[in-house]
Amino acid sequence: MSVKKVNSNNPRVLAVQTLSRVKDGAYSNLQLNQVIKKHQLSTADRSLLTTLVYGVIQHRLTLAFYLAPFINPAKIDPWVRELLYTALFQWQFLDRVPKHALFNESIEVAKIMGHQGTAKYVTAILHKIDRQGLPDIQTIDDLTERLVVEYSVPRWLVENLISQVGQSKTLAILKSINLAPKQSIRVNSALATDDQVVASLEEAGLTVEKSAIVPHAYLVTGGHVATSQAFLKGWLTIQDESAMLPVESMQLNSTGQSVLDVAAAPGGKTTQIAAALGEAGHVLALDIHQHKIKLILDNAQRLGVGDQVSAQMLDARQIPEQLNQQFDRVLVDAPCSGLGLLRRKPEIRYEKTLADVEKLAQLQGEILSAASHIVKKDGIMVYSTCTILQQENDDVVQQFLAQHPNFELLATKTDFNLKSDRQEKTLQIYPDDYLTDGFFIATFQRKE
């Protein structure tokens, strides 16, 4: 059942091809963008392609459970398995595709990508499933294993979540991570007002809803923001609501503060800082990769804050040796497992392991410690991650405080006073809390 090299605009063919590449380690969002740019697709076909790719990745373990009784894993080509997954996903998770239509379309894809024998094989599998029915997930006796299969999340992650936040909260998180991510934007106050941005987007036919999580942020539906005039003019940037919170907690003002953004690419938070500082302040952005320095500077120029931003290639762990300046504010938005981003990057759940989490936690501690050396007395350092496990969050914070008695932990504050009844000084946003990305924020102040 070898796959033919085909150049097709059929969205189902493109979905199978993309899924085959994603399974080999490519990032789903990057692969999708490349495919969409290369092929002239209608809005409907582009939507179907995106839905199929993300849907199959999000539900891969569920689909594997469904398909297992009907195939011999040793005798099925990977691309054929992906094709059957797309059929099962449409069958089980999409309401608008009639069964006979998805059967016919899937068999047609088998003909295009394989040959007549492949089409017969796919036909036989689909009709066998239709006759016998799919296995019932609820018959899995072990609760953890049932959650693994039902929500398509690796066992180690389910076990860690249950031990850290309890069964009920874990279930709420798992139910939320396969929902479609929201399209949110931050108004660039350096160039435009909220009213200007909203009017421009609505004039373009988009629906705009004010964020309940952060000020100067909006949820946008009905089209692609990145092609809007407001985006092209630099009036806004696309950013998740919870990703805007770390900068909120930095207590920035327009009195001429100096700020260091330690792991800055692609520059979303850097430009947010620069806009908050105004013309009197300055932010130095660091990143370990040279090509990302250009990305940061390009973003700053697009958003009209280029004069307030400079960038330097530097491993953040070398800050004490390489930087002799001290800063009023430091942001350590640390490299992390990204487990708070499962809606946007669903393949992360299969790529990361507990060993990765533990290794990253060590790196985060090293970066936080290095960055602490250049915080001025009474200055503030904010630590944030886009993950939801305490190994990379509270554990890193507690270890840092134990090793750096000259810092104290402040209560992380937000403009809209999120989770005001919490006992902790840190702020953990889970994906189910506000249907945003998962984020963690800790705020430190240097005492001496």
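Throughout, numbering of the chain's residues begins at 1 and tracks the sequence.
- In this structure a side-chain-to-backbone donor-acceptor pair under 3.5 Å is missing from Glu408 to Arg446.
- With salt bridges taken as basic N to acidic carboxylate O contacts below 4.0 Å, none links Lys182 and Asp240.
- Atoms CG and OG, from Leu435 and Ser184 in turn, are 12.0 Å apart once rounded to the nearest 0.5 Å.
- For the pair Gln251/Arg329, a side-chain contact is recorded, criterion being any heavy-atom separation below 4.5 Å from C-beta on.
- With a 4.5 Å cut-off on side-chain heavy atoms, Val214 and Thr414 do not count as touching.
- Residues Leu191 and Lys233 fail the side-chain proximity criterion, which asks for heavy atoms closer than 4.5 Å.
- Within the 3.5 Å criterion, the main-chain N or O of Gly234 finds a donor-acceptor partner in the side chain of Asn188.
- Using a 4.0 Å cut-off between charged side-chain N and carboxylate O, Glu366 and Arg317 make a salt bridge.
- Partner of Arg81 under the side-chain contact (heavy atoms from CB on, under 4.5 Å) criterion, chosen from Leu19, Val16, Leu67: Leu67.
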Next item on the list: Evaluate the criterion ring pair (Phe, Tyr, Trp, His ring centres under 6.0 Å) for residue pair Phe444 and Tyr383; output intermediate values, then yes/no.
Entry: CA-CA 8 Å; Phe444 304 96; Tyr383 172 71; 7.2 Å; no
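- Using modelled atom types and a 3.5 Å distance limit, the side chains of Asp356 and Thr353 yield a donor-acceptor pair.
- With no hydrogens or angles considered, no side-chain donor-acceptor pair links Ser189 and His216 at under 3.5 Å.
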